Amino acid sequence: MKKGYHLPKPNKMKVLLKQTVGIDVAQRELVVSLGRMDEQISVEVYAYKVFPNTKKGFSSLVLWVNKQTLTTTEVRYVMEATGVYHESLAYYLCSVQKQVSIVLPNKISNYVRTLDIRTITDKSASQAIARFGLERQLEVWHPPLKIFNDLRQLCREREQLVQERTMLKNQLHAERTSATSSEKSVKRTNKRIALIDTQEKEIREEIAKLIKKDEVLAEKMKIISSIPGVGNLTAVTIIAETNGFELIKNKRQLVSYAGLDVREKTSGTSVKSKPRISKRGNRNLRKVMHFPALAAIRTDERFRDIFLRLVSRHGIKMKAIVAIQRKILELTFILWKNNSFYNPEYAYQILPTVEIVI
């Protein structure tokens, strides 16, 4: 089917129950398919087009959808939570009074497995999303509270500064050990590191002020920070990246959203790969769990026992560390929902049960 091609609109005698816009979001483009369901529960995906992932592309998308759909039935725009690439489109659609549903990637990938799709392309992915929207009862997405958005931007800015500082310190070490070291170069690098230190401190202070203004969030932060290894920056990053667990309904969804869920490929008796984490998820959330896991193993007896037990079983330390990451992340969700502080006895009851390789 060529880009922009569409089939005739359905017979006006039929009543449409649902209309969906399935959008596969990439960094630079939006791959879009339209779907509809009539009163006989007949599902049809009938149009396809690609738009640039820009504000101009957003307006063109809405105009195109308006021409291809009926005004008598509400149109639902459905997309995956793909890092940050979907956010601008979601905010735009809300600003023009369109219904939006944002779905966790694992839900779509699990749904695709039920379809007879041999080759996954951007087009087939958008068609699957459109069908998913027709066949499921999805919640309407609303923009997250401003404080979560502000905290997320600050956390990501800080992470970029930390990465840049690490690179500069490595560069400084190489420069100092070089036989042809330049004093002026070393001096400039030190100034850049000092500037980053100052900026990072400012960001930390901004984060603290934002949290202090919200008493409920401040209390929630104390609760999550009660988990061994989880400090304030880790806690705020988890909350910011999940928008206060807005889209998360259970622990399994959270683990998948972070890309720490297990993927295993099997086919008959001949093909069986080792289970590995998918890494298909929010990399900022996944990355922030590494050092808390190490700290928990070092400082908490129960997590250390879990770690040693897993290592003794398979001899792979990183495998055990990832298992700890998963359980700490799950604990943040449990404590947030239950509004209760960390209980060592309860944590010991939910020991890792899945072998993971990265």
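Residue indices begin at 1 and follow the sequence shown. None of the values given here were measured: they were computed from a predicted structure.
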Q: Answer yes or no: is there a side-chain heavy-atom contact under 4.5 Å between Phe51 and Val31?
A: no
Q. So do Leu154 and Leu210 actually touch side chain to side chain, heavy atoms under 4.5 Å?
A. yes
Q. From Asp38 CG over to Gln19 CD, what is the distance, rounded to the nearest 0.5 angstrom?
A. 11.5 Å
Q: Would you check if Lys191 and Leu195 make a side-chain contact, meaning some heavy-atom pair closer than 4.5 Å?
A: no
**Q.** Donor-acceptor pair, side chain of Lys220 and main chain of Trp336, under 3.5 angstrom
**A.** yes
Q: Compare all side-chain heavy atoms of Arg204 with those of Arg158 and state whether any distance is below 4.5 angstrom.
A: yes
Q) So, do Tyr77 and Thr20 sit near enough that their side-chain heavy atoms are less than 4.5 Å apart? A) no
Q. Does NZ or CZ of Lys55 lie under 6.0 Å from the centre of the six-membered ring of Tyr92, at an angle within 45° of the ring axis?
A. no
Q) Side chain of Arg76, backbone of Gln99: donor and acceptor closer than 3.5 Å? A) no
Q) Is the shortest side-chain N to carboxylate O distance from Glu175 to Lys187 below 4.0 Å? A) no
Q. About how many Å separate OG1 of Thr198 and CD1 of Ile193, when rounded to the nearest 0.5 Å?
A. 12.0 Å
Q.
Do the side chains of Lys107 and Glu80 get close enough for a salt bridge, i.e. N-O under 4.0 angstrom?
A. no
Q.
Would you say that Lys319 contacts Leu310 through its side chain, given a criterion of any heavy-atom pair below 4.5 Å between the two side chains?
A. no
Q) Between Arg156 and Glu241, is there a side-chain N and carboxylate O pair less than 4.0 Å apart? A) yes
**Q.** ILVMFWY network linking Val65 to Val96, side-chain heavy atoms under 4.5 angstrom
**A.** yes
Q.
I'd like to know if Leu217 and Val288 are part of one continuous hydrophobic network [Ile/Leu/Val/Met/Phe/Trp/Tyr, side-chain heavy atoms within less than 4.5 Å].
A. yes
Q.
To check you understand the geometry: which heavy-atom pair defines the closest contact between Tyr85 and Val25, and what is its length?
A. O-CG1, 3.5 Å
Q: Would you confirm whether Ser60, through its side chain, and Lys56, through its main-chain N or O, come within 3.5 Å as a donor-acceptor pair?
A: yes
Q | Nearest heavy atoms of Leu30 and Pro52, plus distance in Å | A | CD1-O, 4.0 Å
Q) If you look at every heavy atom in Leu161 and Ile196, which pair is closest and at what distance? A) O-CG2, 3.6 Å
Q: Report, as yes or no, whether the 6.0 Å neighbourhood of atom CD on Glu301 holds more than 12 heavy atoms from other residues, nucleotides or ligands.
A: no
Q: Run the numbers on Glu246 and Phe148 for side-chain contact (heavy atoms from CB on, under 4.5 Å), then give the verdict.
A: CA-CA 10 Å; Glu246 180 190 14; Phe148 292 138; over 6 Å; no
Q.
Starting from Leu151, can I reach Leu145 by hopping between I/L/V/M/F/W/Y residues whose side chains sit under 4.5 Å apart?
A. yes
Q) Distance from Glu330 atom CD to Leu260 atom CG, nearest 0.5 Å? A) 9.5 Å
(Q) Within the supplied structure, the quantity of interest is the number of heavy atoms (other residues, nucleotides, ligands) at a distance under 6.0 Å from Arg136 CZ; does it exceed 12? (A) yes
Q: Examine distances only and state if a side-chain atom of Ser226 and a backbone atom of Tyr342 form a donor-acceptor pair shorter than 3.5 Å.
A: yes
Q | Glu139 backbone acceptor or donor facing Ser101 side chain under 3.5 Å | A | yes
Q: Might you confirm whether atom CD of Glu219 has over 12 heavy atoms from other residues, nucleotides or ligands at distances under 6.0 Å?
A: yes
Q.
Given 3.5 Å as the limit, does a donor-acceptor pair link the side chain of Ser185 with the main chain of Ser182, or not?
A. no
(Q) Could you check whether any side-chain heavy atom of Tyr111 comes within less than 4.5 Å of a side-chain heavy atom of Arg131, counting everything from C-beta outward? (A) yes
Q. So, are Glu200 and Arg165 salt-bridged, with charged N and O less than 4.0 Å apart?
A. yes
Q.
Within a 6.0 Å radius of atom CG on Asn232, are there more than 12 heavy atoms belonging to other residues, nucleotides or ligands?
A. no
**Q.** Exam field: side chain Thr73 to backbone Leu16, donor-acceptor pair closer than 3.5 Å
**A.** yes
**Q.** Lys18 vs Glu74, salt bridge (charged side-chain N to carboxylate O under 4.0 Å, His left out): CA-CA, chis, key distance, verdict
**A.** CA-CA 7 Å; Lys18 284 185 175 183; Glu74 188 71 51; over 6 Å; no
**Q.** Leu172/Asn170 under side-chain contact (heavy atoms from CB on, under 4.5 Å): CA gap, chis, key distance, verdict
**A.** CA-CA 5 Å; Leu172 183 63; Asn170 291 337; over 6 Å; no
Q.
Using the ring centroid of each side chain, check whether Trp141 and Tyr91 are separated by less than 6.0 Å.
A. yes
Q. So, does Thr234 use its side chain to make a donor-acceptor pair with the main chain of Val230 at under 3.5 Å?
A. no
Q | Heavy-atom pair of closest approach, residues Leu138 and Gly133 | A | CD1-CA, 3.9 Å
Q.
If the threshold is 4.0 Å, N to carboxylate O, is there a salt bridge linking Arg152 and Glu157?
A. no
(Q) side-chain contact (heavy atoms from CB on, under 4.5 Å) for Ile23 and Ile129? Distances and angles first, verdict last. (A) CA-CA 7 Å; Ile23 309 172; Ile129 294 171; 6.0 Å; no
Q) Which pair of heavy atoms, one from Met79 and one from Leu93, lies closest together, and at what distance? A) CE-CD1, 3.9 Å
Q: Verify the cluster assignment for Leu294 and Leu329: are they in a single hydrophobic cluster under the rule of side-chain heavy atoms below 4.5 Å apart?
A: yes
Q. Strictly by modelled atom types, are Glu29 and Asn53 linked by a side-chain donor-acceptor pair under 3.5 Å?
A. no
Q.
Whether Arg36 engages the ring of Tyr46 as a cation-pi pair (distance to the six-membered ring centre under 6.0 angstrom, angle to the ring normal within 45°) should be assessed.
A. yes
Q: Dump the intermediate steps for side-chain contact (heavy atoms from CB on, under 4.5 Å) on Leu89 and Val100, then the final yes or no.
A: CA-CA 10 Å; Leu89 173 61; Val100 179; over 6 Å; no
Q: Check whether Val43 and Leu70 end up in the same hydrophobic cluster, where Ile, Leu, Val, Met, Phe, Trp and Tyr are linked by side-chain heavy atoms less than 4.5 Å apart.
A: no
Q: Kindly say whether Ala296 contributes a backbone atom to a donor-acceptor pair with the side chain of Asp300 at under 3.5 angstrom?
A: no
Q: State the CD1-NZ distance between Ile203 and Lys201, to the nearest 0.5 angstrom.
A: 13.5 Å
Q) What closest approach, in Å, do His86 and Ala81 show between heavy atoms, and which atom pair accounts for it? A) CE1-CA, 3.7 Å
(Q) Measuring from atom CG of Leu308 to atom NZ of Lys317, what distance do you get when rounded to the nearest 0.5 angstrom? (A) 9.5 Å
Q. Taking side chain as C-beta onward, heavy atoms only, is Lys98 less than 4.5 Å from Asn66?
A. yes
Q. Under 4.0 Å between a Lys/Arg side-chain N and an Asp/Glu carboxylate O for Lys146 and Asp150?
A. yes
Q: Examine distances only and state if a side-chain atom of Asn243 and a backbone atom of Phe245 form a donor-acceptor pair shorter than 3.5 Å.
A: no
Q: Can you measure from CG (Asp122) to OG (Ser33) and round to the nearest 0.5 angstrom?
A: 10.5 Å
Q: Step through the shown structure and confirm whether more than 12 heavy atoms of other residues, nucleotides or ligands are within 6.0 Å of CD on Gln163.
A: yes
